[in-house]
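Below: the structure, in structure tokens.
Convention: sequence-line order gives letters A, B, ...; per-chain numbering from 1.
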Protein chains: 2
Amino acid sequence: MTKSENVLSGEAEKKIIEAATIVFVEKGRTGASMQDIADEAGINRTLLNYYFRSKDKLFTTVFDKVIMSLLLEAIEVLNSDKDILVKFDSFIDVYINGLLKNPHIPVFILNELTGRPDHMIRLFKSSGLRISNFHKEIQEAMDEGRIIHMETSQLIINFISMIIFPFAAKPIVSGMILSEQEVEFDEFMKDRIPSLKKYFLKSITP
Amino acid sequence: MTKSENVLSGEAEKKIIEAATIVFVEKGRTGASMQDIADEAGINRTLLNYYFRSKDKLFTTVFDKVIMSLLLEAIEVLNSDKDILVKFDSFIDVYINGLLKNPHIPVFILNELTGRPDHMIRLFKSSGLRISNFHKEIQEAMDEGRIIHMETSQLIINFISMIIFPFAAKPIVSGMILSEQEVEFDEFMKDRIPSLKKYFLKSITP
DNA sequence: GTCTATATTAGGATAGAC
DNA sequence: GTCTATCCTAATATAGAC
């Protein structure tokens, strides 16, 4: 076993993907260079081409991985047998706490999404997430009178918006809205978990 | 007056800024090339360097202009003497209708913001927008019992999120949430105006 | 002010030695 | 698998003719 061998096959590949994720998420597809990624991984630049044929292929690998991990979290909550109102709370917990650990993922995704809507839809379908079930559960709760009547799509967008947007707009939130009160972003988002649960529940309860 | 003269000084400059805005907003700072912008403007590429010294300077010009136009719209609503509840409705009208004409402005801003939070804050301060007045008006309405009590920052973020996020996530909204119902994005956002007004009012009313 | 020509660099990708 | 050397292209930027 020479010094240049990796202990496990795929270890270098894994290291590259980790480094590429950090760099792509921070700088975006066009803003990141292969050199940036090689530096982050601490390897020679040409090795990136050895393991992944091109920058595009490496990017797609990273992008798919990031999207999938988010979708899987959604599926886990949706597929549970909890009541729809409990699921709302779970989404708030899971995504706010998760994004606090990777706050620029929303901007990364929103930005790279624009150019490849088709690819996104394919990923989405292959994930097995059934958004129609979500619509249906909400609709049932409306029919039972537990939630006010409104277009389910509008309700879903309202809900997702309030979870994701603060992360996407983190510089605005920090610099423009919180700065005068000297509140830290992370603290604000921690407070936001119970605040949003309460607010959203009130907003949809008859 | 030869064929190569512009009628008004600054006309070429204006044409360049318009073209640059289109290209930068669509492709982002790193994704757009000077050639793209020259093509869009129908001029020679080197002219861009003649009028603006560098790509960076051209970008900053565009970025500042876009941000400022958005801030000015906010100021106009905020500075009116309408009741705070009416101002909420005005924001929804102004921004949803405005962004329907330029739907990828949110992604553009959110993306380019990350790298330059300081610059953003300077712009924000120089615009004269006083967010503290907004906080104050909301707080007063709370004290009068017209709005439920909650952290004003959280309320403001909730509000802004529901207006802006659907545009930032347009491919997701179109492809994942609306596709099964065969609803067009623009139609959805038009419906959203009254929907959001009603929803938000209910959410903050005691 | 507008063009052509050119300088310069950065970035992506491959070939080939080890 | 990993490195060095090299190729190629695209992109920014400037000089200089008109």
Side-chain angles (χ1 to χ4, degrees), chain A residues 1-64 108 111-112 115-116 119, chain B residues 1-64 108 111-112 115-116 119:
Chain A
M1 179 158 149
T2 71
K3 73 172 170 64
S4 58
E5 259 175 18
N6 273 310
V7 178
L8 299 171
S9 78
E11 179 170 325
E13 203 170 311
K14 193 181 153 199
K15 188 167 68 175
I16 290 173
I17 291 179
E18 280 171 9
T21 303
I22 292 171
V23 176
F24 276 134
V25 166
E26 190 189 325
K27 301 193 174 185
R29 187 176 55 84
T30 55
S33 74
M34 294 292 262
Q35 188 63 60
D36 291 336
I37 295 167
D39 290 347
E40 176 71 33
I43 60 170
N44 191 286
R45 189 171 60 80
T46 57
L47 274 183
L48 298 179
N49 288 89
Y50 176 77
Y51 282 96
F52 301 83
R53 247 168 36 86
S54 66
K55 181 185 183 183
D56 237 45
K57 196 169 168 308
L58 177 55
F59 176 79
T60 302
T61 304
V62 167
F63 185 72
D64 290 2
F108 169 68
N111 189 44
E112 307 298 347
R116 4 188 129 202
H119 181 234
Chain B
M1 180 159 147
T2 71
K3 72 171 172 64
S4 58
E5 257 175 20
N6 274 307
V7 177
L8 300 171
S9 78
E11 179 170 325
E13 202 170 311
K14 191 179 155 202
K15 188 167 67 174
I16 289 173
I17 291 180
E18 280 172 8
T21 302
I22 292 172
V23 175
F24 275 134
V25 167
E26 190 189 326
K27 302 193 173 186
R29 185 176 55 83
T30 55
S33 74
M34 296 291 264
Q35 187 63 60
D36 291 336
I37 295 167
D39 291 347
E40 176 70 32
I43 60 170
N44 191 286
R45 189 170 58 79
T46 58
L47 275 183
L48 299 179
N49 289 88
Y50 175 78
Y51 282 97
F52 300 84
R53 242 166 42 83
S54 65
K55 182 185 181 182
D56 237 46
K57 196 171 168 308
L58 178 54
F59 176 80
T60 301
T61 304
V62 167
F63 184 70
D64 291 1
F108 169 69
N111 190 43
E112 308 297 348
R116 3 189 130 202
H119 181 233

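- Within the 4.0 angstrom heavy-atom criterion, no nucleotide atom of any strand lies near A:A38.
- Each of A:R53 and A:D36 was assigned the nucleotide of DNA chain C with the nearest heavy atom; the assignment lying further toward the 5' end belongs to A:D36.
- Separating the CZ atom in A:F24 from the OG1 atom in A:T30 is a distance of 10.0 Å, to the nearest 0.5 Å.
- Per the geometry, CZ belonging to B:F52 stands 15 Å off P belonging to D:dT12, to the nearest Å.
- Looking at B:S54 and B:D56, their side chains never bring a donor and an acceptor atom within 3.5 Å of each other.
- Picking from C:dT4, D:dT12, D:dT4 the nucleotide with the shortest atom distance to the side chain of B:N44 gives C:dT4.
- As rounded to whole Å, 14 Å separates atom C1' of C:dC18 from atom CG of A:L47.
- Counting any heavy atom pair closer than 4.0 Å across all strands shown, A:T46 reaches a base atom.
- Nearest nucleotide to the side chain of B:Y50, out of C:dG1, D:dG1, C:dG11: C:dG1.
- One atom, NZ of A:K55, and another, P of C:dT14, lie 15 Å apart when rounded to the nearest Å.
- The nearest whole Å value for the distance from the CG atom in A:N49 to the P atom in D:dA5 is 18 Å.
- At a cut-off of 3.5 angstrom, counting only N and O atoms as typed in the model, there is no donor on one side facing an acceptor on the other between the side-chain of A:R45 and the base of C:dG11.
- A:R29 places its CZ atom 15 Å from the P atom of C:dG11, with the value rounded to the nearest Å.
- Regarding A:K15, its NZ atom lies at a distance of 11 Å from the C1' atom of D:dT2, rounded to whole Å.
- At distances below 3.5 Å, at least one donor-acceptor pair connects side-chain atoms of A:E112 with backbone N or O atoms of A:R29.
- Panel note: side chain B:K55, backbone B:A32; a donor-acceptor pair is recorded below 3.5 Å.
- What separates CG of A:L48 from C1' of C:dA10 is a distance of 16 Å, to the nearest Å.
- Spacing between atom OH of A:Y51 and atom P of D:dC3 amounts to 10 Å, rounded to whole angstrom units.
- In this structure, B:D36 contributes its side chain and B:S33 its backbone to a donor-acceptor pair below 3.5 Å.
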